[in-house]
Amino acid sequence: MAEIGECSASNSSQESWAKLIPPYKIYADIEINSNETVIFSETKSTSVEKHEWCKITRNPDLNSATLQNRSSNAIIVDETLVQKDDTTFIKCGSEIVSGPVRDGHLSYKFEMLSDSRICKGLKISVDVEHAKCSVCLNIWHDVVTAAPCFHNFCNGCFSEWLKRSQEKHTSVLCPQCRAVVQFVGRNHYLLNIAEDILRADSSLQRSIEEIAILDSCSLIQSNLVIGSVKKRNKKRPHSVLGQESSGLELPCPQCGTEYAGFRCNPNTVHLQCHGCGGMMPSRFDTGIPQHCLGCDRAFCGAYWQAHRLQRSDSYTTCNPETFKPISGRTISRIPQLTHENNQHEQDITGRCISQMGKTLQDVISEWIVRFNNREIDRTRLPLNHAEMITEETHICNECYEKLVGFLLYWFRISTPKYLLPGDATERENCWYGYACRTQHHNEDHARKRNHVCRPTHSR
């Protein structure tokens with residue numbers, strides 16, 4: 001393949017992987033599209049004659065190329081003369097002169113572009129809902145990331161949150177998960193993603209006035225150290241922005257003191273509990289779960305309960321009830337997220353359970369047995385590692401409520417139609433206007449979108 005034209009790019013539909021850039025803007029860049037390309041161009045800046053003068057071949061490492069002199073004269077590559085038909089190695093930034101001397105001959109800078117072969121096969125899809133600030137519920141603006149929880153917010157939104165914490169003289173907690181924040185910094189990678197989303201969908205953009213307000217509130221210009229875990233010398237966590245002497249007083253009870261036969265050493269890696277913000281050593285030798293299998297977040301309740309550690313004002317520990325086995329849990333109310341947060345459907349489910357003479361705990365216990373025996377399709381369970389979860393698995397309260405909602409969905413689609421409370425109109429119509437011709441919420445119908453039914457009359 002040859003590049004034809006007056007130092008111009010080819011019209012090929014292939015994506016360019018490199019280009020030759022002349023020093024003067026009166027000449028266009030030469031785009032290189034194929035892995036082996038012969039360049040046709042002027043040999044002198046004053047000449048109108050055009051003929052091939054070099055061939056550029058992409059190397060297997062994709063980060064360099066080989067140039068062969070195809071002209072009748074020598075050419076200069078990185079201050080070295082390359083004779084006719086000889087080859088030389090070139091890389092991004094290499095200078096190529098199209099003749100044996102600089103005077104009167106065009107020079108080019110060789111520039112490698114992004115790896116087109118990889119880019120062509122890689123398409124990244126980002127859910128817009130995952131690119132929103134949990135404070136203002138809009139696409140991130142000048143996004144910052146809090147650590148160690150790594151949740152992301154608008155710079156202005158988090159800065160205002162930070163100022164309020166400073167005024168109250170309290171620890172800075174993550175607005176999303178309430179973990180204690182130790183560091184916060186601008187995230188340039190996510191900033192580019194947010195900008196791409198806004199370019200693709202202009203309806204998500206904020207007004208100029210909103211952006212101006214956010215920018216006026218933004219305090220975080222570089223990585224900000226809010227605090228560090230220090231040896232305890234106070235009873236309560238305390239952090240004030242801008243005071244280096246103040247740290248996050250969240251010590252691990254096993255740091256500096258042997259407790260339950262274990263003592264942290266200076267190299268011990270610690271986990272921060274998602275529930276209370278306290279610290280515990282990360283250990284794999286005890287068999288005591290420290291992470292919720294449903295969401296992968298760390299919780300210290302089971303660890304400290306196994307060591308019979310009592311809660312104290314001297315350190316922060318999690319309530320054991322926040323992280324326990326599924327089989328050891330009880331429930332007395334239908335979680336709010338059940339049936340996609342549809343209160344009407346939750347009421348129908350509650351009345352159905354009551355009409356059967358059972359309690360919610362009876363139903364959940366029955367369906368947990370079915371779940372444990374793998375009688376239920378787990379692919380719809382909105383938890384991580386769904387196939388690994390059993391009734392003895394430790395999960396957090398939030399994941400347990402998601403599990404309960406999942407089990408109640410299966411309870412509903414298996415409940416005989418005649419047992420469901422409500423009039424015939426309510427039972428026969430669903431969210432999408434389809435009529436359930438067989439058993440209410442038959443599984444083929446439910447696959448359309450885990451749908452739930454609603455009354456056709458207005459409430």
Side-chain angles (χ1 to χ4, degrees), residues 1-124 185-196 199 221-223:
M1 175 181 176
E3 292 287 341
I4 303 174
E6 194 173 358
C7 293
S8 62
S10 168
N11 292 326
S12 170
S13 61
Q14 288 183 283
E15 187 176 357
S16 300
W17 60 271
K19 61 183 177 180
L20 297 177
I21 305 174
Y24 306 110
K25 295 303 180 182
I26 60 173
Y27 299 104
D29 297 346
I30 300 178
E31 302 280 350
I32 303 175
N33 299 323
S34 66
N35 287 337
E36 188 173 288
T37 305
V38 176
I39 309 297
F40 284 75
S41 185
E42 301 98 338
T43 55
K44 292 188 178 183
S45 59
T46 58
S47 173
V48 295
E49 183 184 1
K50 304 175 181 65
H51 55 81
E52 67 179 65
W53 61 276
C54 73
K55 182 176 76 171
I56 295 177
T57 304
R58 194 177 195 183
N59 291 336
D61 63 7
L62 305 181
N63 293 316
S64 61
T66 299
L67 181 145
Q68 181 187 29
N69 182 5
R70 299 290 288 269
S71 71
S72 57
N73 299 315
I75 62 175
I76 303 173
V77 178
D78 290 332
E79 305 298 333
T80 301
L81 275 177
V82 179
Q83 301 298 329
K84 180 182 177 182
D85 296 328
D86 286 351
T87 60
T88 186
F89 175 87
I90 58 174
K91 59 183 179 179
C92 192
S94 291
E95 184 187 31
I96 305 168
V97 180
S98 57
V101 292
R102 289 182 175 274
D103 293 342
H105 289 87
L106 295 176
S107 65
Y108 298 90
K109 178 182 177 183
F110 178 71
E111 181 175 305
M112 298 282 293
L113 305 178
S114 61
D115 186 352
S116 59
R117 290 197 298 182
I118 295 176
C119 291
K120 284 181 181 178
L122 178 63
K123 292 184 178 179
I124 300 175
R186 301 174 74 183
N187 192 320
H188 301 289
Y189 174 73
L190 293 184
L191 176 62
N192 292 333
I193 291 179
E195 290 175 348
D196 289 342
R199 277 193 293 267
Q221 302 302 322
S222 59
N223 292 342

### Query
Could you walk me through whether Ser16 and Asn33 pass the side chain to side chain contact (heavy atoms under 4.5 Å, CB included) check?
CA-CA 4 Å; Ser16 300; Asn33 299 323; 2.7 Å; yes
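In this structure, the side chains of Met112 and Lys91 stay at 4.5 Å or more apart for every pair of heavy atoms. Residues Ser71 and Ser98 are not in side-chain contact: their nearest non-hydrogen atoms beyond the backbone lie 4.5 Å or more apart.
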In residues 74-86, what donor-acceptor pairs under 3.5 Å come from side-chain atoms, sequence neighbours left out?
{"from": "Asp78", "atom 1": "OD1", "to": "Glu95", "atom 2": "N", "distance (Å)": "2.8"}
{"from": "Asp78", "atom 1": "OD2", "to": "Ser94", "atom 2": "OG", "distance (Å)": "3.1"}
{"from": "Glu79", "atom 1": "OE2", "to": "Arg102", "atom 2": "NH2", "distance (Å)": "2.6"}

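In this structure, CD1 on Ile32 lies 10.5 Å from CD on Glu111, to the nearest 0.5 angstrom.
Every residue two or more places apart in sequence or in another chain that forms a side chain to side chain contact (heavy atoms under 4.5 Å, CB included) with Ala65 is listed here: Trp17, Ile56, Ile90, Phe110. Under the rule for a side chain to side chain donor-acceptor pair (under 3.5 Å), Thr57 has no partner lying at least two apart in sequence or in another chain. Residues passing the side chain to side chain donor-acceptor pair (under 3.5 Å) test with Asp196 are Arg199, sequence neighbours excluded.
The nearest pair of heavy atoms linking Pro23 to Ser107 is CD-O, 3.0 Å. Val97 and Val101 get closest at one heavy-atom pair: CG1-O, 3.6 Å. Across all their heavy atoms, Glu52 and Val38 have their closest contact at CB-CG1, 3.7 Å.
Not one N or O on the side chain of Asn187 forms a donor-acceptor pair closer than 3.5 Å with the backbone of Leu191.
Atom NZ of Lys109 has 12 or fewer heavy atoms from other residues, nucleotides or ligands within 6.0 Å.
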